[in-house]
Structures are given as structure tokens and as C-alpha cells.
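Report on the structure given below.
Everything quoted here is computed from the prediction, not taken from an experiment.
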Amino acid sequence: MPSANAPFAPPGSGWPEDPASPATPVAHGPADVIELAAEAPDLGELCARQSVCRACDRLVEWREKVAVQRRRAFADEEYWGRPIAGWGDPEPRILIVGLAPAAHGGNRTGRIFTGDRSGDWLFASLHRVGLAALPTSVHAGDGQRLIGARMAATVRCAPPDNKPTPVERATCLPWLAREVETVAPSVRCVVCLGGFAWQGVWPALRQAGYGLPRPRPKFGHAVEVELAAPPSASRPDPVLLLGCYHPSQQNTFTGRVTEEMLDAVFVRARDHQ
């Protein structure tokens with residue numbers, strides 16, 4: 001494990017669920033991301049390469065600064081401080097996509113949507129509807145597992161102010177597009193958490209071979225869009241794309257998002273055949 005003030009957990013140092021090793025190739029720029037994503041031989045290696053990416057200087061500097069300075073509540077904890085790889089069932093029926101990990105959430109815990117208030121709401125809902133083994137997700141290696149579902153983000157590093165730049169989104173896109181393509185044979189439903197994830201997943205779906213409607217439907221909670229299945233899908237039936245308001249503190253505190261609203265979206269995703 002890294003020392004108490006290390007900026008990130010070195011690959012292969014014993015962090016729970018770390019997909020990478022010291023030999024995992026590292027992307028240092030957009031061209032590297034394109035090449036390494038395309039040439040990853042399988043989903044496991046793709047996730048390993050996602051988790052060591054250093055292609056965006058601003059994001060690398062920020063995530064590692066946060067990992068050293070820390071929030072007072074987590075001052076005694078070691079931070080992951082690396083990109084967050086896709087996580088969950090390798091052959092999912094449901095793919096859940098968010099914008100980016102939180103600085104003191106996934107960037108600290110090493111798992112997407114884990115260790116912050118948004119994740120508390122999300123995993124509680126997934127557990128209630130039978131898509132997660134536990135009602136909480138506090139840290140990689142805590143025994144949590146997804147049931148028929150997988151999680152990914154449009155940007156894999158925690159961005160300052162939760163706002164990745166357009167260039168950073170474009171640089172990270174090949175990681176998501178290749179992951180979407182790899183799991184497409186089993187996916188029956190894609191759930192987008194928030195408007196930015198909705199925007200970010202469309203080019204990934206297009207690159208993965210999905211047939212998309214034009215013009216692009218507007219994001220909204222519980223909005224449903226049918227997508228033509230890609231050639232790699234196990235069946236030709238349409239795949240369902242669902243919009244879902246993000247369970248951010250701002251949304252949950254104001255009542256814009258309720259437990260019932262989240263549960264309804266994931267029940268719809270779970271039951272779509």
C-alpha cells in the first residue's frame with residue numbers, strides 16, 4: 001500500500017480490486033488513449049489501462065493534489081488518486097453511466113460512485129431493487145458487488161469543481177466507447193445519471209455500433225429512448241436508454257430526486273427484456 005502522503009496508489013501495491021499491475025501500459029496523451037483502448041485484448045485489461053491513465057495534465061494534477069491534501073474527515077485515510085475504471089458485472093444487462101468520480105468519493109475509495117452521499121443514495125436504490133448485493137458501498141474491497149449491472153463514467157478522473165473540459169471529455173471518450181462496445185452483447189438497458197452523462201454517452205454508443213435517433217432526444221428524468229442494437233448484441237431487439245436525475249446532494253436535499261424516483265428508474269431498467 002502507498003505511504004500516508006502518496007499522491008496515488010501504485011499499481012500492484014495491494015489496493016483492493018486494483019485491476020492494474022506495474023506492467024500495465026500508461027497513456028500519456030490523447031493518441032495513447034486511442035491506441036491503448038483499441039488494442040486492449042479484453043475487458044480486464046481495458047479496465048487496467050483506464051486505471052493508470054495520465055493523458056490529461058490538469059486532471060492528473062488535481063486528483064493527486066486532492067489525494068495528498070485530503071478532506072479533514074478523511075485525513076487519516078489513504079487515497080486511491082488514480083482514474084476510476086469501469087466496475088461490476090462483466091456481462092451486464094444494465095450499464096449505468098455517470099459523469100466523473102468525486103474528488104473525495106471514488107478518487108479516495110478506488111471505486112466509482114463509492115464513498116460519497118450520491119453513492120449512498122445510488123447503492124441503496126440498487127440494493128432495494130435487487131441490483132446490488134449490499135445497501136452501501138464504502139470502499140473497494142468492502143464486499144459489494146453488482147448483480148447484472150455495470151458502472152462506468154464519461155470521464156475517469158475527478159475534475160476540479162466537477163467540471164471536466166470538452167477536451168478532457170474527448171480525450172477520455174475512447175475508454176468509454178471501448179467499454180460500451182465490449183459489454184454490448186449482453187446489455188439491454190443503459191441508464192444515464194445526469195445530463196452531462198446523457199451527453200457524454202451518445203458518442204460512445206455511436207462508436208460501439210448502436211443505431212441512434214436523430215435529433216438527439218432531450219435529457220429528463222425517466223426519459224426513455226429506444227436504440228437499435230449493435231451488430232455484436234446477442235439479440236436484435238431495441239436497447240433501452242433511460243435518463244435519471246443524478247442523486248447529488250443538491251438534488252436529494254431539495255427533493256428533486258427521491259428514493260421512489262430512483263427506484264422506479266432502476267426497476268424499469270431491471271425489468272426491460
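Looking at heavy atoms from C-beta onward, Arg188 lies in side-chain contact with Val239 at the 4.5 angstrom threshold. Put simply, the side chain of Thr109 does not reach to within 4.5 Å of the side chain of Val138, judged on heavy atoms. No side-chain heavy atom of Val265 sits under 4.5 Å from any side-chain heavy atom of Tyr245. You'll find the side chain of Trp198 reaches within 4.5 Å of the side chain of Val223, heavy atoms only. Annotation: side chain of Tyr79 is not in contact with side chain of Arg63 (no heavy-atom distance under 4.5 Å).
Counting non-hydrogen atoms of neighbouring residues, nucleotides and ligands closer than 6.0 angstrom, the CZ atom of Arg58 exceeds 12 such neighbours. The 12-atom threshold is not exceeded at CD of Glu61, counting heavy atoms of other residues, nucleotides or ligands nearer than 6.0 Å. For CD of Gln249, the number of neighbouring non-hydrogen atoms (other residues, nucleotides, ligands) closer than 6.0 Å is greater than 12.
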Inset, instruction - List the steps and the verdict of salt bridge (Lys or Arg N to Asp or Glu O under 4.0 Å) for Glu181 and Arg178. - result: CA-CA 5 Å; Glu181 177 186 27; Arg178 181 64 198 284; 3.7 Å; yes
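Val52 and Val60 fall into different hydrophobic clusters, where Ile, Leu, Val, Met, Phe, Trp and Tyr side chains are chained together by heavy-atom contacts under 4.5 Å. There is no path of hydrophobic side-chain contacts, each under 4.5 Å, that joins Val190 to Val155. Note: the hydrophobic cluster containing Ile34 does not contain Leu36 (ILVMFWY, side chain heavy atoms under 4.5 Å, direct or indirect links). Follow the hydrophobic side-chain contacts under 4.5 Å out from Val201 and you reach Leu227 in the same cluster. When the side chains of ILVMFWY residues are joined at heavy-atom separations under 4.5 Å, either directly or via intervening members, Val97 and Phe219 end up in a single hydrophobic cluster.
Here the rule is side chain to side chain contact (heavy atoms under 4.5 Å, CB included) with Thr171, and of Thr165, Asp32, Val33 only Val33 fits it. Considering His139, Arg111, Gln144 as possible partners of Glu17, the one that fulfils the side chain to side chain donor-acceptor pair (under 3.5 Å) test is Arg111.
Remark: Arg54 is positioned above the aromatic ring of Phe8, its terminal NZ or CZ atom under 6.0 angstrom from the ring centre and at most 45 degrees off the axis.
Shown here for Thr114 and Phe123, the closest heavy-atom pair between the two residues is OG1-CE1, 3.8 Å. Contact detail for Pro83 and Cys157: the closest heavy-atom pair is CG-SG, 3.7 Å. Heavy-atom minimum distance, Pro10 versus Asp18: O-OD2, 3.9 Å.
Thr254 places a side-chain N or O within 3.5 Å of a backbone atom of Gln250 that can act as its donor or acceptor partner.
Arg117 and Thr252 are not linked by any side-chain donor-acceptor pair at a separation below 3.5 angstrom, with hydrogens and angles left out of the test.
The aromatic rings of His246 and Phe113 lie tilted to each other, with the angle between the two planes from 30° to 60°.
The ring pair (Phe, Tyr, Trp, His ring centres under 6.0 Å) check on Trp87 picks up nothing, with sequence neighbours excluded.
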